[in-house]
Amino acid sequence: MSVLKIKDVSKIFPNGTTAVDSFSLDVADGELVCLLGPSGSGKSTLLRMVGGFETPTSGLMTIDGEDITRVPPEKRPTGMVFQSHALWTHMNVFKNLAFGLKLRKVPADEIKRRVEGVLELVGLGGYGTRSVTQLSGGQQQRVALARSLVLEPKILLLDEPFASLDQHLRERLREEVRDIQQRLKITTLFVTHGQDEALSMADRIVVMRDGKTEQIDRPDVVYREP
Ligand code: ADP
Ligand code: ADP
């Protein structure tokens with residue numbers, strides 16, 4: 001069953017740039033789809049629209065049948081992780097994760113349980129009282145991922161989350177995220193311009209160019225030798 005449906009969506013910015021051009025995609029429950037393409041092909045803009053950070057110029061996007069543009073920000077069923085983690089440096093790890101739950105009036109004991117559970121999941125059990133400024137780049141991205149996951153989003157949106165990390169760490173986090181994604185069975189859109197990243201993680205790959213779909217297929221088909 002499709003959780004996310006994107007139908008003929010376009011985004012034309014006020015300066016006239018068409019970033020996304022009549023794009024359509026259905027994403028199944030629990031699927032990890034990679035949006036792959038060169039810089040400027042519209043991947044981020046598409047992801048930001050699904051996340052509710054940009055409004056489509058035309059077309060329709062639904063999550064479980066509900067028009068995304070009609071959902072108020074605090075009820076968005078998506079969680080987004082960006083390239084630069086944008087953690088709150090004046091709060092410790094626990095508070096970074098608890099913040100969104102407090103806003104949603106989740107009781108304190110449940111906050112504690114959920115935050116500690118998610119920190120375990122991303123391999124940062126016991127890190128709650130650390131200052132985020134003391135963490136390595138990889139650990140900070142794990143916190144950013146945990147901060148999204150703790151809100152239990154229906155769809156996880158990842159915009160080149162490992163781009164600022166070195167190759168070795170990138171490969172490790174890739175495996176960790178794929179593992180977490182499969183354990184939680186969380187529907188995920190992952191933006192990358194790295195073929196190897198898409199190949200190693202995706203259930204399906206959407207190759208984008210100039211705001212359009214160039215190809216949609218399973219990794220083994222996209223990369224099959226001609
Ligand atoms: P990608 O994520 O694939 O690098 P983007 O979605 O960031 O691509 O950008 C797609 C196109 O839209 C690019 O030409 C980019 O310059 C343009 N673009 C992105 N955001 C804006 C904006 N806020 N205003 C105008 N043009 C934009
Ligand atoms: P990315 O690395 O994700 O492609 P960019 O560096 O292209 O991101 O863009 C960073 C920010 O600047 C985004 O918020 C994007 O919407 C905005 N942006 C990108 N291109 C343009 C543009 N031509 N005009 C205005 N804003 C832009």
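What you see is a predicted model, and the numbers here were worked out from it, not measured in a lab. Note that ligands are numbered from 1 as they come in the structure, with each ligand's atoms numbered from 1 the same way.
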Counting heavy atoms under 4.0 Å, the part of P38 that contacts ligand 1 is backbone
Part of T17 within contact of ligand 1 (heavy atoms, under 4.0 Å):
side chain
Could you pull out all donor-acceptor pairs under 3.5 Å where a side-chain atom in residues 90-101 meets a protein atom, sequence neighbours excluded?
from : atom 1 : to  : atom 2 : distance (Å)
N92  : OD1    : F94 : N      : 3.2
N92  : OD1    : K95 : N      : 2.8
N96  : OD1    : W88 : N      : 2.8
N96  : ND2    : W88 : O      : 3.0
N96  : ND2    : M91 : O      : 3.1
N96  : ND2    : N92 : O      : 3.1

Which ligand 1 atoms does [X] reach within 4.0 Å, using its non-hydrogen atoms?
{"X": "N15", "result": "25 (C), 26 (N)"}
{"X": "A19", "result": "10 (C), 11 (C), 12 (O)"}
{"X": "S39", "result": "4 (O)"}
{"X": "S41", "result": "1 (P), 3 (O), 8 (O)"}

Selection from M49, H193, K43 by shortest heavy-atom distance to atom 3 (O) of ligand 1:
K43
Kindly identify the option in G40, G211, G42 whose heavy atom sits closest to atom 4 (O) of ligand 1.
G40
Residues forming a salt bridge (Lys or Arg N to Asp or Glu O under 4.0 Å) with D196, sequence neighbours excluded:
R174
Looking at D64, I want to see if its CG is surrounded by more than 12 non-hydrogen atoms of other residues, nucleotides or ligands under 6.0 Å.
yes
If we count only N and O atoms by modelled type, under 3.5 Å, do the side chains of Q181 and R178 hold a donor and an acceptor together?
yes
Plane angle bin for F53 and F82 - parallel if under 30°, tilted between 30 and 60°, otherwise perpendicular:
perpendicular
Do R76 side-chain atoms and G52 backbone N/O form a donor-acceptor pair below 3.5 Å?
yes
Has ligand 1 got any nitrogen or oxygen that is less than 3.5 angstrom from a nitrogen or oxygen of E54?
no
Between R218 and D220, is there a salt bridge with N-O shorter than 4.0 Å?
yes
